[in-house]
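Below: the structure, in structure tokens.
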2 protein chains.
Amino acid sequence: MIFLSLNDFIEATNGPKCRVFENPDPKELIEVLKKLKTSHVITIFALCDAFYKGRAQSTLDKGERLIIIKPDGTLLIHDSRSREPKNWQPPGSIITFSYNNGSLLIKSKRYNPREEIRITCYTLYVVITARLGRGGLSLEGSEKEMAEIINKNPSLIEEGLRIVKREAKTPYGYVDLLGEDAKGRLVVIELKRGIAQINAVYQLVRYVEYFRSTARREVRGIIAAPKISKNAMLILKRYGLEYKRVKIR
Amino acid sequence: MIFLSLNDFIEATNGPKCRVFENPDPKELIEVLKKLKTSHVITIFALCDAFYKGRAQSTLDKGERLIIIKPDGTLLIHDSRSREPKNWQPPGSIITFSYNNGSLLIKSKRYNPREEIRITCYTLYVVITARLGRGGLSLEGSEKEMAEIINKNPSLIEEGLRIVKREAKTPYGYVDLLGEDAKGRLVVIELKRGIAQINAVYQLVRYVEYFRSTARREVRGIIAAPKISKNAMLILKRYGLEYKRVKIR
DNA sequence: GCCTAGGTCCCGTCT
DNA sequence: AGACGGGGCCTAGGC
């Protein structure tokens with residue numbers, strides 16, 4: 001373990017991207033972590049246990065894990081499996097480090113909702129601090145994009161269709177697309193970029209119900225998606241609604 | 001950077017929990033990663049970019065990031081913000097490492113759905129390999145638990161209520177709890193462990209509609225939750241349904 | 001494998 | 001702030 005002088009600290013913040021601490025002494029490490037927590041991502045390999053209390057409550061038994069602390073307040077505890085952390089705290093949480101009986105204690109608090117995680121690190125194997133970048137991601141293929149494409153080219157749904165409104169507000173929620181067909185009937189369209197399931201049908205049903213109760217003309221309802229589940233299709237038909245296979249790109 | 005002999009490799013797999021490689025040579029590192037990817041969590045701090053194509057499509061610009069590869073096939077790319085990885089691949093994906101023009105290439109593939117990530121690591125700052133534990137989490141406070149508690153003590157909803165069935169299947173989905181009140185009326189109960197929102201109301205509405213159309217007796221619908229949103233409450237009443245505040249513990 | 005529904009969902013967006 | 005709905009959602013459980 002390297003003892004941190006002021007020079008070491010300056011190097012850590014302004015020097016290399018990463019700094020590695022192998023088997024560090026918890027007491028000495030805490031001083032480093034306190035300084036770097038607002039600017040660096042802290043990565044800790046440790047033998048630890050954890051307690052969470054908030055919207056739910058959990059206990060994580062003692063084991064070897066990977067703890068990640070981000071400058072935005074995010075806390076993640078990962079083990080050897082799964083995309084999801086075993087425990088976590090979202091951005092905006094407040095983290096504090098302390099020492100107790102040879103162990104490093106990590107505490108993360110947040111409010112609204114009030115939640116807390118307490119981690120006890122019994123053994124610190126490796127700790128890495130690093131300045132990391134952020135952002136730079138551009139994503140294509142969202143439902144929003146799908147709406148834009150159909151908006152520009154309503155014949156993807158059917159010939160003669162005209163889009164009247166997007167994100168039309170009703171007391172029952174937002175309608176993805178509202179149109180008018182060749183015969184002047186109102187067409188409520190619910191988009192799904194993936195497989196349309198029962199929920200999508202529910203959404204459509206209530207929008208159609210709403211417009212049928214207010215608009216004084218015929219109202220159709222269409223789910224537009226690349227695929228629809230068997231049950232969803234069944235319910236859809238039971239309500240006299242329609243499905244249109246739409247595959248973008 | 002430490003060149004890995006066979007002995008070094010044996011030490012890496014059976015020896016210490018963590019092994020650290022600072023500024024490793026990509027070519028040499030690849031040999032290590034290929035051996036350890038099925039047993040160790042691999043953590044890479046690198047200057048990298050990434051391309052994803054599958055259900056959607058994305059580009060991640062060149063930047064400093066933390067890459068995590070788990071033995072179950074999980075891949076995570078984190079930056080300095082957010083609980084969510086910028087890019088990822090879920091468990092079961094197949095990872096391969098290769099070398100190109102001074103860079104480490106990481107490729108992760110999966111099928112159903114067919115998805116792929118390609119990462120180019122231009123600079124490797126630090127790489128850590130570690131055997132981590134798994135599991136050991138016990139969680140309390142789920143909706144399932146809530147159902148169990150109410151099942152045992154239906155008076156939490158109202159006096160005289162009797163639970164008839166849990167997870168009752170209908171063509172419109174699963175009803176959390178089905179009961180009978182003191183007056184012999186059928187009671188459909190939808191549980192939410194957090195705030196009940198519009199969606200919860202829709203679920204309930206569909207179930208109640210179904211039972212009203214099939215059961216030859218009066219049917220009530222109740223949302224049981226610690227809280228309900230304003231709009232949800234409005235719609236609930238519009239449908240003649242009820243809300244019961246239930247706070248477990 | 002498909003499908004359903006929950007989640008300490010997270011996250012953006014809008015009121 | 002609350003509230004609503006998407007997400008490359010993920011994950012567990014049923015069939």
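Order of the sequence lines sets the chain letters (A, B, ...), proteins ahead of strands, with each chain counted from 1.
Under the rule for a ring-ring contact (aromatic ring centres under 6.0 Å, His included), the partners of Tyr172(A) that lie at least two apart in sequence or sit in another chain are Tyr210(A). Checked against salt bridge (Lys or Arg N to Asp or Glu O under 4.0 Å), Arg134(B) has no partners two or more places apart in sequence or in another chain. By the side-chain contact (heavy atoms from CB on, under 4.5 Å) test, Pro91(B) pairs with Arg83(A), Asp72(B), Thr74(B), sequence neighbours left out. Residues passing the salt bridge (Lys or Arg N to Asp or Glu O under 4.0 Å) test with Glu140(A): none are found, sequence neighbours excluded. Applying the side-chain contact (heavy atoms from CB on, under 4.5 Å) criterion to Lys237(A), with sequence neighbours excluded, gives Met233(A). Glu158(B) meets the salt bridge (Lys or Arg N to Asp or Glu O under 4.0 Å) test with Arg220(B); sequence neighbours excluded.
Val246(B) approaches Leu156(B) most closely through the heavy-atom pair CG2-O, 4.0 Å. The two residues Asp79(B) and Val41(A) make their nearest non-hydrogen contact at O-CG2, 4.4 Å. For the residue pair Ile198(B) and Ser229(B), the shortest heavy atom distance occurs at N-OG, 4.5 Å.
For DNA chain C, no neighbouring residue in residues 238-245 of chain A is found when judged by any heavy atom under 4.0 Å. For the segment residues 186-203 of chain B, the set of residues with a heavy atom within less than 4.0 Å of an atom of DNA chain D comprises Gln197(B), Ile198(B), in numerical order.
Using a cutoff of 4.0 Å between basic side-chain nitrogens and carboxylate oxygens, Lys244(B) and Glu242(B) are not scored as salt-bridged.
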Could you pull out the protein-nucleic contacts involving nucleotides 11-15 of chain D (nitrogen or oxygen on both sides, under 3.5 Å)?
| from | atom 1 | to | atom 2 | distance (Å) |
| --- | --- | --- | --- | --- |
| dT11(D) | OP1 | Ser82(A) | OG | 2.4 |
| dT11(D) | OP1 | Arg83(A) | N | 2.8 |
| dT11(D) | OP1 | Glu84(A) | N | 3.2 |

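Checking dC2(C), dG7(C), dG7(D) against the side-chain heavy atoms of Asn112(B) singles out dC2(C) as nearest. Side-chain proximity of Ser58(A) to dG5(D), dG8(D), dT8(C): nearest is dT8(C).
Residue-level contact check: Arg206(A) touches the backbone only, with heavy atoms under 4.0 Å from sugar-phosphate atoms and none from bases. Backbone-only contact: Lys230(A) has heavy atoms under 4.0 Å from sugar-phosphate atoms and none from a base.
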Expected list for residues 44-61 of chain A: side-chain donor-acceptor pairs under 3.5 angstrom, two or more places apart:
| from | atom 1 | to | atom 2 | distance (Å) |
| --- | --- | --- | --- | --- |
| Asp49(A) | OD2 | Tyr122(A) | OH | 2.8 |
| Tyr52(A) | OH | Arg55(A) | N | 3.0 |
| Tyr52(A) | OH | Ala56(A) | N | 3.0 |
| Tyr52(A) | OH | Glu115(A) | OE2 | 2.4 |
| Arg55(A) | NE | Glu115(A) | OE1 | 3.3 |
| Arg55(A) | NE | Glu115(A) | OE2 | 3.0 |
| Arg55(A) | NH2 | Glu115(A) | OE1 | 3.1 |
| Ser58(A) | OG | Asn87(A) | ND2 | 3.1 |

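Between the side chains of Lys70(A) and His78(B), a donor-acceptor pair is found at a separation under 3.5 Å.
Atom P of nucleotide dC11(C) and atom CD of Gln89(A) are separated by 12 Å, given to the nearest angstrom.
Legend: salt bridge (Lys or Arg N to Asp or Glu O under 4.0 Å) pairs involving residues 187-196 of chain A, not counting sequence neighbours, sorted by first then second residue: Glu190(A)-Lys192(A).
For dC9(C), the OP1/OP2 oxygens have no side-chain nitrogen or oxygen of Trp88(A) closer than 4.0 Å. Arg81(B) has no side-chain polar atom (N or O) that falls below the 4.0 Å cut-off from OP1 or OP2 of dC10(C).
Between Tyr207(A) and Asn87(B), the residue whose closest nucleotide on DNA chain D is further toward the 5' end is Tyr207(A). For the pair Ala232(B) and Gly141(A), nearest-nucleotide mapping onto DNA chain D gives the more 5' position to Ala232(B).
Between the side chain of Glu143(A) and the base of dG6(D) there is no donor-acceptor pair of N/O atoms closer than 3.5 Å.
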note = Output field dot_bracket for DNA chain D (Watson-Crick or G-U, both distances under 3.5 Å, | for other-strand pairs) contains |||||||.|||||||

